[in-house]
Amino acid sequence: VSENDRLRKELAKALEKTDQLQLSLSTSEVQNSKLKQELDQVSLGREKRGGTPTRHSKHEEQVEVLQAELEKKTHMLLEVKKHLREAAEREQRLQEATQDPKLSEKYIAAVKERDSFKEQVGKLKRELDAFDPAFFEEIEDLKYNYEEALKKNVQYEEQLSSLSRQYGFPLPTLDS
């Protein structure tokens, strides 16, 4: 039962992570396309001006920033795609595991056994509820008195054995 529950929880987590990764992927793709458009616009503007501006121009700096951002977003996009593939593989394995008929049979058997144990525990609790604390105190008193009686019995046997040796009479045996 716990294995199946664990697999189901893992599947649910994988599905949730897949959804999150897909959302992140789509967001990254949108940002990536926007950055590419901006880069294209900047490049077009440079070409229209007829040559390359000086290294320190405002547009050149923007292009560099956009290219760095584009590389960063592209890398993030690749990572998200990788995670999506891994999540999809995990999801597939988990779905296959939960579809296993042997596992389903074991799960059903375990649930029945659990329900049976719950019934037994309920019956035992109801039986124990019938006894109050005074009952258990009386049991403890009886055990203590029994131990004391055993100790006295041993003392009496030792005294009887001593008297038997002192006065020379045989002790009766319990074998007969």
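Keep in mind that the numbers below use all heavy atoms, side chains included, and drop hydrogens, waters and symmetry copies.
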Practice task
Calculate, to the nearest 0.5 Å, the distance between atoms CD and NZ belonging to Glu29 and Lys36 respectively.
Solution key: 10.0 Å
Practice task
Say whether, by atom type as modelled, one donor and one acceptor occur between the side chain of Ser116 and the main chain of Lys112 under 3.5 angstrom.
Solution key: no
Handout entry: Value rounded to 0.5 Å, distance of CG in Leu124 from CG in Asp129
Key = 11.0 Å
Exercise for the section: Calculate, to the nearest 0.5 Å, the distance between atoms NE2 and CG belonging to His83 and Leu78 respectively. Expected result: 11.0 Å
Problem - Distance-minimising heavy-atom pair for Leu84 and Leu21 - result: CD2-CB, 3.5 Å
Practice task
Drop me the distance from Lys151's NZ to Tyr146's OH, to the nearest 0.5 angstrom.
Solution key: 13.0 Å
Handout entry: Val111 and Arg114: CA distance, side-chain angles, deciding distance, side-chain contact (heavy atoms from CB on, under 4.5 Å) verdict
Key = CA-CA 5 Å; Val111 167; Arg114 181 201 62 199; 3.8 Å; yes
Exercise for the section: State whether the side chain of Ser161 and the backbone N or O of Glu157 hold a donor-acceptor pair below 3.5 Å, judged by distance alone. Expected result: no
Handout entry: Gap between atom CG of Leu77 and atom OG of Ser26 - 0.5 Å precision
Key = 10.0 Å
Problem - Ser162 (side chain) donor-acceptor with Glu158 (main chain) under 3.5 angstrom - result: no
Problem - Student check: side-chain heavy atoms of Gln120 and Lys123 closer than 4.5 Å - result: no
Problem - Closest heavy-atom pair and its distance - Phe169, Leu163 - result: CE2-O, 3.7 Å
Problem - Derivation and outcome, side-chain contact (heavy atoms from CB on, under 4.5 Å), residues Phe117 and Glu113 - result: CA-CA 6 Å; Phe117 287 145; Glu113 187 177 15; 3.4 Å; yes
Completion exercise
Closest non-hydrogen contact found for Thr74 with Leu70 is OG1-O, 2.6 Å
Exercise for the section: Determine whether Ile139 and Phe131 fall in the same hydrophobic cluster, where Ile, Leu, Val, Met, Phe, Trp and Tyr are linked whenever their side-chain heavy atoms lie under 4.5 Å apart. Expected result: yes
Practice task
Check each of Lys118, Lys125, Glu119 against Val121 using the side chain to side chain contact (heavy atoms under 4.5 Å, CB included) test, and report the only one that passes.
Solution key: Lys125
Fill in the blank from the handout: Exactly one of Lys72, Lys73, Glu69 clears side chain to side chain donor-acceptor pair (under 3.5 Å) with Gln31, and that residue is Lys73
Exercise for the section: Could you pull out all residues at least two apart from Gln37 that satisfy side chain to side chain contact (heavy atoms under 4.5 Å, CB included)? Expected result: none
Handout entry: Within 6.0 angstrom of Glu86 CD, more than 12 heavy atoms from elsewhere
Key = yes
Exercise for the section: Answer yes or no: is there an ion pair linking Glu16 with Lys13, defined by an N-O contact shorter than 4.0 Å? Expected result: no
Exercise for the section: Drop me the distance from Asn145's CG to Lys152's NZ, to the nearest 0.5 angstrom. Expected result: 9.5 Å
